[in-house]
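The structure appears right after this line, and notes come after that.
Hydrogens, waters and symmetry mates play no part in the numbers below; they use all other heavy atoms, side chains included. Being a predicted model, the structure only gives us computed values, none of them experimental. Residue numbering restarts at 1 for every chain, and letters A, B, ... go by the order of the sequence lines.
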Amino acid sequence: MALRFYNTLTQTTEPFSPAQDNTVRMYTCGPTVWNFVHIGNLRTFTSQDILRRWLQYRNYGLQHVMNITDVDDRIIQQAVAAGQSIYDYTDIYTKAFFEDTGKVRLQRPEIVSKATDHINEMVALIQGLAENGCTYESEGSTYFRIAKFPEYGKLAHLHFEGMQSGARVDTDKYEKDDARDFVLWKARKEGEHFWDTPLGPGRPGWHIECSAMAMKYLGETLDIHAGGVDLIFPHHENEIAQSEACTHKPFARFWLHTEHLMVEGETMSKSKGNFYTLRDLFEKGYSPEAVRYLLTSVPYRKQLNFTFDGLRSAATAIERLRNFELRLKTTKFPDGDNPAFDERTAKALAQFEEALDDDLNTAEALGAVFEYIRDANTAIDNGDFKTANRQNADSFLQKFDQVFDVLKPTVSEHALSDADIDALVAERTAAKKAKNFKRSDEIRQTLADQNVILEDTKEGTRWKRK
RNA sequence: GGCGCGGUAGCCAAGUGGUAAGGCAGAGGUCUGCAAAACCUUUAUUCGUCGGUUCGACUCCGAUCCGCGCCUCCA
């Protein structure tokens with residue numbers, strides 16, 4: 001079956017292909033840069049990375065825009081507290097974001113756009129909405145009038161018929177006609193960063209940046225819009241309202257939402273003491289690959305229970321994958337070809353691709369890979385794996401890694417070089433030959449201290465980094 | 001209260017009408033100078049509970065218990 005995704009808008013799984021040409025126009029809600037990225041954020045971004053990679057694997061071009069929210073209440077508050085401008089303050093966390101996500105090998109979107117660089121576009125969009133009679137002004141702020149958009153609630157599947165206007169307590173500091181109305185442009189407040197615009201001095205509301213930037217770079221209708229489940233309402237619902245009320249065209253064809261993660265079975269929160277940034281995990285000694293693997297091993301639409309036990313399991317699972325890769329590379333196979341085994345490889349690849357085509361079922365894809373590895377190991381043991389089978393096997397493994405990207409270890413800059421290791425291994429082999437096991441074990445230990453593991457095989461000694 | 005998601009082995013988790021993938025941990029074995037590493041085998045008569053439909057249900061229907069999320073600025 002062809003590629004398909006679950007669409008929050010229709011609540012069904014639908015076949016996917018881009019609307020125009022071969023390029024997927026995709027927008028994902030990026031970070032609010034007021035702090036370091038935490039593992040909850042990262043789960044969403046990692047799932048989007050898998051989405052990116054799978055679209056590319058399926059030979060689609062990609063035009064992916066991710067925003068950086070660099071102005072909002074928290075940022076203003078934190079910047080003031082730190083005695084910095086919002087630009088200086090957010091710059092720190094924007095850089096940290098790419099540094100951190102780079103470590104877990106997230107691809108950088110084709111376009112990264114900052115909210116503060118697109119004030120003009122936002123103002124223009126709000127003006128367009130004003131022309132359509134969808135806005136009103138109150139105490140210097142501009143609001144979107146929900147009553148003008150009857151389809152409001154279609155993404156979150158909320159029904160407001162029974163709700164009385166103003167029935168809810170309005171906790172917002174600004175004056176609104178209807179509790180559901182949301183602010184497009186916030187009036188300037190004393191001591192806050194502001195922009196002078198035709199809408200008056202102030203700053204953008206939360207939702208408008210995404211509509212403005214998405215449509216600027218991708219056109220009025222996106223193929224995919226993605227984010228965390230918590231953004232479905234109100235953020236994405238409001239994006240739809242303000243975009244479609246302006247263009248009268250569907251804002252996005254597919255809405256993909258990543259479920260949240262739990263930590264040790266509990267919701268992650270600072271008060272519970274189970275709040276972790278990616279940097280926290282690195283400090284505890286966990287590898288970027290292990291984090292990446294754990295985060296991707298559970299399909300994106302399922303809640304993921306993040307545990308340290310799971311993180312260790314992930315690291316061991318990666319070892320198994322790497323061991324197979326190493327075995328494939330270093331073993332001398334019997335000459336010839338075994339068509340039956342090539343068929344086995346083809347089957348594994350088909351299962352792998354079908355799993356990811358099915359709304360990115362990463363768990364099933366991994367199952368296909370591990371099952372294959374077991375069969376391949378058995379075939380190698382039995383001599384059923386021939387020299388000519390190596391190419392397809394290796395190609396399958398590389399295709400797997402094109403998506404999951406965990407095979408290559410992250411090597412620190414202080415680590416021994418490959419040449420140093422090779423030299424020590426050669427010395428040990430000589431020592432072993434001379435039955436100088438004392439020296440041989442000494443070298444093994446030296447390398448072990450550098451996180452290099454030696455394996456003695458029929459074809460000699462091979463090594464790997466841990 | 002409304003809407004949505006989920007409860008499968010010690011842990012993580014796929015499957016969703018034809019008789020339980022995979023990973024980790026555990027147990028056994030192969031290999032090896034010992035060791036390490038690696039590899040192989042094995043581990044759920046059973047899928048929250050109770051009913052129903054069916055030749056047959058983890059998979060469909062009803063009820064029920066439990067967990068999680070959203071219902072205005074949180075990925």
So which nucleotide does B/G62 pair with, by the Watson-Crick or G-U wobble rule with both distances under 3.5 Å?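 Result: B/C50.
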
Just name whichever nucleotide pairs with B/G26, Watson-Crick or G-U, keeping both distances under 3.5 Å, else none.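 Check on B/G26: paired to B/U42, both distances under 3.5 Å.
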
Donor-acceptor pair between A/Trp54 and A/Asp357 side chains, under 3.5 angstrom: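 Judged by distance alone, the side chains do pair up.
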
Could you check whether A/Thr277 and A/Asp280, counting side-chain N and O atoms only, form a donor-acceptor pair closer than 3.5 Å?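 Result is yes, a qualifying pair exists.
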
Hey, is A/Phe45 stacking on B/A75? Ring centres under 5.5 Å, planes under 30°.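 By the stated criterion, A/Phe45 and B/A75 do not stack.
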
Ring-on-base stacking between A/His260 and B/G69, under 5.5 Å between centres and under 30° between planes: is it there?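 So no, this residue does not stack on that base, at least one cut-off failing.
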
Considering every strand and a 4.0 Å limit on heavy-atom distances, what is the contact class for [X]: base, sugar-phosphate, or nothing?
X	answer
A/Ser313	sugar-phosphate
A/Leu231	sugar-phosphate
A/Arg320	sugar-phosphate

Expressed in whole Å, how much space separates the C1' atoms belonging to B/C74 and B/C68?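 It works out to 15 Å between them.
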
Nearest-Å distance once atom C1' is located in both B/G52 and B/G22: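 34 Å, rounded to whole Å.
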
Walk me through whether A/Phe308 and A/Tyr286 qualify under ring-ring contact (aromatic ring centres under 6.0 Å, His included). CA-CA 9 Å; A/Phe308 286 96; A/Tyr286 295 100; 5.6 Å; yes

Got a donor-acceptor contact below 3.5 angstrom from the A/Thr345 side chain to the A/Phe341 backbone?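 Checking the backbone N and O of A/Phe341 against the side chain of A/Thr345, a donor-acceptor pair under 3.5 Å is found.
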
Could you check how far [atom1] of [X] sits from [atom2] of [N], rounded to whole Å?
X	N	atom1	atom2	result
A/Phe306	B/A75	CZ	C1'	15 Å
A/Leu366	B/C12	CG	P	17 Å
A/Asn382	B/U41	CG	P	10 Å
A/His207	B/C74	NE2	P	10 Å

Could you say whether A/Gly205 or A/Ala156 is positioned toward the 5' end of RNA chain B, judged by the nucleotide with the nearest heavy atom to each?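 On the 5' side of the pair lies A/Ala156.
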
